[in-house]
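For reference, the structure is listed below as structure tokens.
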Amino acid sequence: MSTEKETLLKEAEALRKELKHHEHLYYVLDTPSISDAEYDKKVVRLREIEALYPEEVPLDSPTKRVGGLVSSDFAEVKHLTPLLSLGNAFNQGELEEFDKRVKNGLPAETLVKYVVEPKIDGLACSLIYEDGKLVSAATRGDGTVGENVTLNVRTIKSIPLSLNLAEGEKPPAILDVRGEIYMPRRSFMKLNVERVEAGEQEFANPRNAAAGSLRQLNPEVTAKRALSFFAYAVGTGAKAKHSESLEMLKAYGFKTTEHWRVVKDIAGAWQFVEEHGARRHDLDYDTDGAVIKVDELAQQEILGATGKDPRWAIAFKYPPEQAETKLEDIVLQVGRTGVLTPTAVLTPVKLSGSVISRATLHNEDFIKEKDIRIGDTVVINKAGEIIPEVLFVVKDKRPATAQEFVMPKECPECNWPVERKAEEAAYRCTNHHCPALAREGLIHFASRDAMNIENCGPAVVNQLWEEGLITDAADLYSLKKEDLVKLPRMGEKSADNLLQAIEASKKQPLDKLLFALGIRHVGAKGARTLAQTYGDIHKLMVATPEEIAQIKDIGNVIAESVVTYFANPQKQELVEKLIASGLTVELEQQNISGDNPFFGKTLVFTGTMPTLDRSKAQKMAQDVGANVSGSVSKKTDFVIAGAEAGSKLTKAEDLGVTVLDEAEFLKMLNSGEQKVEVQIKQETEPQKPIIEEVVATNKEQENPKKESVEISLWDNE
Ligand code: IVH
């Protein structure tokens with residue numbers, strides 16, 4: 001091997017190790033130590049080397065989470081040892097009985113310790129590591145045979161593709177890691193908001209969302225769904241004690257819930273059950289119970305199983321948090337995209353420590369399926385422990401006067417006709433100037449994930465709106481203190497705070513502004529991609545749909561929507577006003593210098609590249625000052641061609657334009673002195689208080705407190 005190759009391969013290996021470490025810090029320990037931009041830079045360098053020696057890229061490279069293997073379409077997999085299920089206990093007495101059965105099954109006077117853990121509400125999965133490398137992942141299935149979901153599981157970043165080993169440590173020949181795939185509540189809420197906006201059916205709860213996301217034929221879809229994994233047991237490869245296995249899993253780099261512990265007797269287990277019952281609503285994942293397991297494997301073996309349930313473990317299930325109440329009315333809320341969401345007005349009732357008076361009814365189909373009528377007695381719970389939802393109607397209690405709900409033909413806000421497209425579950429108001437759209441759009445604009453204007457929650461926005469102080473987002477930036485202090489409940493101090501927060505929002509980065517504009521189909525992620533690709537709102541405003549659609553993860557629908565938005569004279573005027581108010585409309589970039597060979601040149605990308613996805617490559621080129629175009633002409637300086645490049649490549653050859661492959665492109669890209677630092681605020685995903693998410697995605701709600709989440713479904717005042 002040439003020394004150059006050797007050096008590069010060594011560098012690649014070191015980068016993989018480093019990236020793996022950062023993935024672990026970010027996705028498992030939730031304590032990132034570098035910015036996304038720094039992380040991305042390392043990935044880019046790794047891809048660059050890997051593109052030179054594709055045959056040397058190991059399957060556990062962080063660049064190979066998506067698309068590293070050939071699809072297996074959920075073929076059947078026989079588990080090495082069965083995945084057992086668990087018997088249930090519903091109260092302290094039943095736990096004590098379990099303890100007695102355990103003691104009776106073991107020699108007299110045996111000391112039994114238990115491990116107690118939260119019971120995660122997701123899908124069981126078995127991961128097989130051979131010589132330390134993840135080789136297969138399977139769902140539980142019937143416990144003996146499951147489905148092969150390896151490709152999708154590889155996209156879950158909290159699952160290590162290879163075990164973390166200490167210096168010189170040998171991996172076990174076989175390790176069967178069992179655990180639960182779940183969707184964090186935050187991600188679930190985000191996903192549902194996106195689905196409503198796209199006219200798709202919402203997922204009922206995080207568990208269904210996780211199942212739906214795992215069972216995608218295209219792993220790229222799964223990769224976008226923010227799934228996570230808690231390891232809770234070891235099949236083949238277990239230690240002598242379950243607690244030791246959990247420690248081992250943690251050391252190997254898995255996420256184990258931080259809430260497990262060893263207890264000396266069943267009283268200790270009960271204490272855990274009570275403690276966990278009190279905190280479980282505050283976690284970022286659903287837990288429907290606690291699992292109590294005999295710690296010593298030797299004892300587990302003596303106890304064995306009855307059918308599919310082990311005698312050495314039991315699940316304590318918390319009582320379902322449900323309440324019965326009367327559905328007094330169904331009202332419609334018009335969202336910022338014009339979707340009409342039916343909402344149940346309930347006789348206030350206590351549920352999980354808070355008073356509920358509204359519950360979402362999602363859409364017309366939901367009401368029909370559950371045969372919900374006004375005047376019915378209904379049972380409610382909380383989807384994902386947060387959003388009140390009607391579970392079912394108590395038909396026996398239906399009064400003769402109960403009324404069927406009929407979707408109105410007109411928007412309750414502006415009386416324009418509403419329509420339901422064949423492929424959508426939702427009705428939408430057809431009036432593009434419906435006041436609800438503007439008002440809800442303003443609420444969105446000020447919200448946390450958008451311009452993050454503190455003290456400017458839905459109630460304040462509504463107040464400003466009703467007083468005629470704001471009609472669009474730009475008006476926020478010309479609010480005067482003397483107008484504010486005249487408002488009820490707005491003292492001098494609150495007015496100052498509000499004005500300060502509005503001022504501070506001018507510093508929000510470009511992607512937040514693009515998201516805040518509420519361009520249809522442009523979510524937080526799409527906005528980030530657009531901001532990174534264009535770097536300046538002025539450039540995006542004149543982009544063509546073809547150009548935008550070229551960007552990976554963007555596509556035609558978003559592209560059309562962006563162009564339509566900026567073609568609208570009213571929106572143009574709004575954006576101009578925002579620009580004039582001094583909002584941040586450019587990415588902060590440093591040091592783009594002219595000595596990169598691509599600086600000022602026009603590049604066209606075509607075909608599929610071995611390691612880079614196209615939007616990334618385009619962004620990298622733009623970061624060094626290149627112009628990226630969608631079509632080849634005499635003005636094109638370089639065509640970067642991957643596999644199956646078609647007419648663009650032919651045209652480039654005809655015109656004599658220089659054609660580069662990925663490796664050549666990367667080499668040239670890094671040959672200048674430039675190093676681009678794109679300043680994008682780092683996103684730390686999990687473990688933020690979920691309540692903030694509710695505020696950001698639903699409506700209403702001023703100063704968020706856990707206990708008042710339900711108000712988020714109230715009209716204001
Ligand atoms: S142990 C014999 N531990 O609950 C041991 N299971 O009802 C079997 N689950 O299929 C599993 N959290 O999907 C175990 N900490 C935990 C768990 C857990 C959730 C699920 C698992 C299993 C189901 C049994």
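Because the structure is predicted, anything quoted here is derived from the model rather than measured. Order of appearance sets the numbers: ligands from 1, and atoms from 1 within every ligand. For this chain, numbers begin at 1 and follow the sequence in order.
Aromatic rings of F230 and F254 (six-membered ring for Trp) have centroids beyond the 6.0 Å cut-off, not under it. Side-chain rings of Y232 and W260 stay apart, their centers remaining 6.0 Å or farther from each other.
Using a 4.0 Å cut-off between charged side-chain N and carboxylate O, R215 and E147 make a salt bridge. Salt bridge annotation for K113-E296: absent, with no cationic side-chain nitrogen under 4.0 angstrom from a carboxylate oxygen. Ion pairing between a basic and an acidic side chain is recognised when a charged N comes within 4.0 Å of a carboxylate O; E321 and K382 show no such pairing. We find that K397 and E324 are joined by a salt bridge, their nearest charged nitrogen and carboxylate oxygen being less than 4.0 Å apart.
Under the 6.0 Å distance and 45° angle rule, R207 does not count as a cation-pi partner of Y182.
For atom 7 (O) of ligand 1, the nearest protein heavy atom (residue, atom name, distance) is K119 CE, 3.5 Å. Counting protein heavy atoms only, atom 8 (C) of ligand 1 is closest to L84 O, 3.6 Å. Scanning all protein heavy atoms for the shortest distance to atom 12 (N) of ligand 1 gives I120 N, 3.0 Å. The protein heavy-atom contact nearest to atom 20 (C) of ligand 1 is E180 OE1, 3.5 Å. Taking atom 5 (C) of ligand 1 as the reference point, the nearest protein heavy-atom neighbour is L86 CD2, 3.9 Å. In this structure, the protein non-hydrogen atom closest to atom 21 (C) of ligand 1 is Y232 OH, 2.9 Å.
Ligand 1 lies within reach of K293, whose nearest heavy atom is under 4.0 Å from it. Contact annotation: P310 has at least one heavy atom less than 4.0 Å from an atom of ligand 1.
Residue contacts with ligand 1 for P118 involve N, CA, C or O but no side-chain atom from C-beta outward (heavy atoms, distance under 4.0 Å). Residue contacts with ligand 1, taken as heavy atom pairs separated by less than 4.0 Å, involve V291 solely via side-chain atoms from C-beta onward. Residue E117 touches ligand 1 through its side chain alone, judged by heavy-atom distances below 4.0 Å.
Checking only distances, A313 never comes within under 3.5 Å of ligand 1, N or O to N or O. No N or O atom of W312 sits closer than 3.5 Å to an N or O atom of ligand 1. For ligand 1, the polar-atom distance check against L123 finds no nitrogen or oxygen pair separated by under 3.5 Å. At a 3.5 angstrom cut-off on N or O pairs, S85 does not count as close to ligand 1.
Ligand-side atoms of ligand 1 in range of A124: 10 (O), 13 (O), range being under 4.0 angstrom from any heavy atom.
When atom types are taken as modelled, the side chain of R154 and the backbone of L161 share no donor-acceptor pair closer than 3.5 angstrom.
Screening H281, R280, H276 for a side-chain hydrogen bond (donor to acceptor under 3.5 Å, both in side chains) with T287, the sole residue that qualifies is H276.
Under the 4.5 Å side-chain criterion, counting only non-hydrogen atoms from C-beta, L163 is in contact with L175.
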